Amino acid sequence: MTDAAYNFAYLDEATKRMIRRALLKGLAIPGYQVPFASREMPMPYGWGTGGVQVTAACLTPGDTLKVIDQGADDTTNAVSIRKFFERTAGVATTERTAGASVIQTRHRIPEKPLTEGQILVYQVPIPEPLRFLEPRESETRRMHALEEYGLMHVKLYEDVARHGAIATSYAYPVRVEGRYVMDPSPIPKFDNPKLSGMAAIQLFGAGREQRVYALPPYSRVVSLDFEDHPFEPTKADHDCDLCGASASYLDEVITDDAGGRMFVCSDTDYCAGRRAAGQRGRLAPEGEA
Amino acid sequence: MTAFDRTLTASADAPLLSVQDLTKRYGRRIGCERVSFDLWPGEVLGIVGESGSGKSTLLGCLAGHLAADEGQILYRGHDILAMSEPERRLLSRTEWAFVHQNPRDGLRMGVSAGGNVGERLMAIGARNYGAIRNAASDWLTKVEIDPGRIDDRPRAFSGGMQQRLQIARNLVTAPRLVFMDEPTGGLDVSVQARLLDLLRGLVRDMGLSVVIVTHDLAVARLLADRLMVMKDGRVIETGLTDQVLDDPQAAYTQLLVSSVLQV
Ligand SMILES: Nc1ncnc2c1ncn2[C@@H]1O[C@H](COP(=O)(O)OP(=O)(O)O)[C@@H](O)[C@H]1O
Ligand SMILES: [Mg+2]
């Protein structure tokens with residue numbers, strides 16, 4: 001079968017229109033989960049079918065797409081989604097954050113601040129932040145409608161009671177524009193401050209759960225906390241061993257069988273950019289840059 | 001909330017709850033029919049009657065869990081049935097409380113005892129962990145649960161402890177009006193006695209107004225100032241507790257009372 005058998009970006013125009021309508025509704029009501037009729041995509045659910053459908057609905061032939069998974073462009077998941085759109089939409093792709101007009105991401109927000117005109121698409125496994133304490137969908141919908149969010153703090157209370165601190169480190173719940181409580185997808189809480197006041201449009205897609213939600217540019221996004229246990233966007237207490245960055249989110253990498261390890265930027269494009277500009281970390285290879 | 005605060009002072013010589021001709025049907029079956037009564041501040045009203053007589057239906061309608069078909073409910077002068085859902089739910093978690101017969105229906109079984117008690121505080125805006133925890137700890141003590149168990153889940157508690165935890169969870173925000181549906185229902189007799197004792201003390205100390213449903217006339221005698229006897233969805237007799245139990249007027253009440261005495 002030739003690629004010409006697909007409509008642009010795989011989905012038919014009626015489906016894309018339906019998703020765009022849901023996204024516009026989401027943008028009009030920041031943080032509100034909008035139901036949409038999720039389509040079967042030629043990839044398993046865990047692979048970000050929600051994000052892929054949102055990206056498909058946003059792409060135009062002139063766009064440049066970047067796809068990242070845990071900050072990296074070269075994981076199997078990122079590569080296969082990028083290839084999917086190269087094949088079905090023929091759009092240009094890039095690994096450079098600044099060069100992309102649409103960025104689909106799983107688990108990270110790029111370190112480099114995004115700008116107006118860019119769209120950041122998140123892959124979301126579980127869109128409902130109240131789910132873990134209240135499994136009934138009818139009840140969580142009512143709680144959102146009536147702003148009954150005490151339960152979110154019960155979750156944080158349980159965290160502090162059990163661990164002495166708010167131990168939630170991924171998918172840390174936020175309140176959007178003082179109204180809807182939202183799950184920011186499993187990004188590290190280190191990234192939460194970037195959600196707020198971002199110049200780019202942020203779109204969230206959950207395929208299996210058939211929900212999209214959105215943050216228009218410059219939305220106010222606050223991480224939930226207690227007065228005496230304030231939110232802290234923590235990261236590993238190191239500098240990047242490759243580029244020396246002190247304020248970027250780090251992955252711990254095992255380097256040998258003898259327990260050797262190093263910390264490197266999880267955002268590979270950010271790290272490479274710094275090294276290209278001559279920044280060096282503790283373990284940067286000799287002769288580089 | 002503000003709508004209620006404004007009338008705060010106007011309550012001492014007016015009923016807290018005033019119910020007129022309340023009717024609830026399940027299809028063609030009658031749940032409760034044309035029930036009317038006033039509940040005064042600080043009063044404990046017992047609703048008694050055999051199984052199926054409409055006690056839970058009435059309580060459910062009062063608390064807003066069930067939609068009444070006809071009638072009027074005034075709470076401190078406000079028409080409850082005309083309120084919007086957000087207003088009514090706010091009332092439910094501030095001024096009102098509801099104690100279920102089965103603690104499982106009134107507790108979050110996956111959340112610690114402290115989290116269960118703290119939830120209502122957090123729901124009305126408490127955001128200081130230390131203060132929430134202290135309040136939870138105080139309330140565990142008040143309901144005779146070792147505060148050292150504050151981080152245990154209710155699953156690990158006995159039935160009596162679970163019921164006391166449910167009561168703490170409900171009373172932590174100092175409600176005015178408490179609805180109870182057979183609160184001592186599933187418990188052993190000795191456990192029941194202790195719980196009744198505790199409830200009596202709390203009602204007195206907090207000046208609570210209570211509507212309590214029970215089929216157990218001994219419970220009614222211990223807790224209630226006044227009784228309403230129901231049969232087939234209707235109120236057939238009402239009066240001071242001692243009066244109704246010692247000198248029942250309706251033939252049905254006489255039967256109800258004597259059958260208890262025989263046991
Ligand atoms: N959900 C329901 N659907 C239909 N009938 C009901 C329902 N709940 C209660 N009833 C009926 O309404 C009447 C009153 O029931 P209920 O209020 O539960 O009485 P009680 O609490 O005194 O045992 C009974 O005839 C009962 O069968
Ligand atoms: Mg009943």
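Per chain, numbering begins at 1; letters A, B, ... match sequence-line order. Because the structure is a prediction, the values reported are computed rather than measured.
- Across B/Gly115, B/Gly125, B/Ala123, the residue that shares the most heavy-atom pairs under 4.5 angstrom with chain A is B/Gly115.
- Judged as a salt bridge (charged side-chain N to carboxylate O under 4.0 Å, His left out), the pairs with a partner in residues 114-128 of chain B (not counting sequence neighbours) are, in order, B/Arg108-B/Glu119, B/Glu119-B/Arg169.
- In the displayed structure, A/Asp237 atom CG is contacted under 6.0 Å by at most 12 heavy atoms of other residues, nucleotides or ligands.
- Interface residue B/Asp151: only side-chain heavy atoms are found under 4.5 Å from chain A.
- Residues of residues 198-234 of chain A placed with any heavy atom under 4.5 Å of a heavy atom in chain B are listed by number as A/Asp225, A/Phe226, A/Glu227, A/Asp228, A/His229.
- Most heavy-atom pairs under 4.5 Å with chain A: of the set B/Gly110, B/Ser112, B/Pro86, this distinction falls to B/Ser112.
- Residues of residues 149-187 of chain A lying under 4.5 angstrom from chain B, judged on non-hydrogen atoms, are A/Gly150, A/Leu151, A/His153, A/Val154, A/Tyr157, A/Glu158, A/Val160, A/Ala161, A/Arg162 in numerical order.
- Using a 4.5 Å heavy-atom cut-off against chain B, the contacting residues of residues 120-136 of chain A are A/Leu133, A/Glu134.
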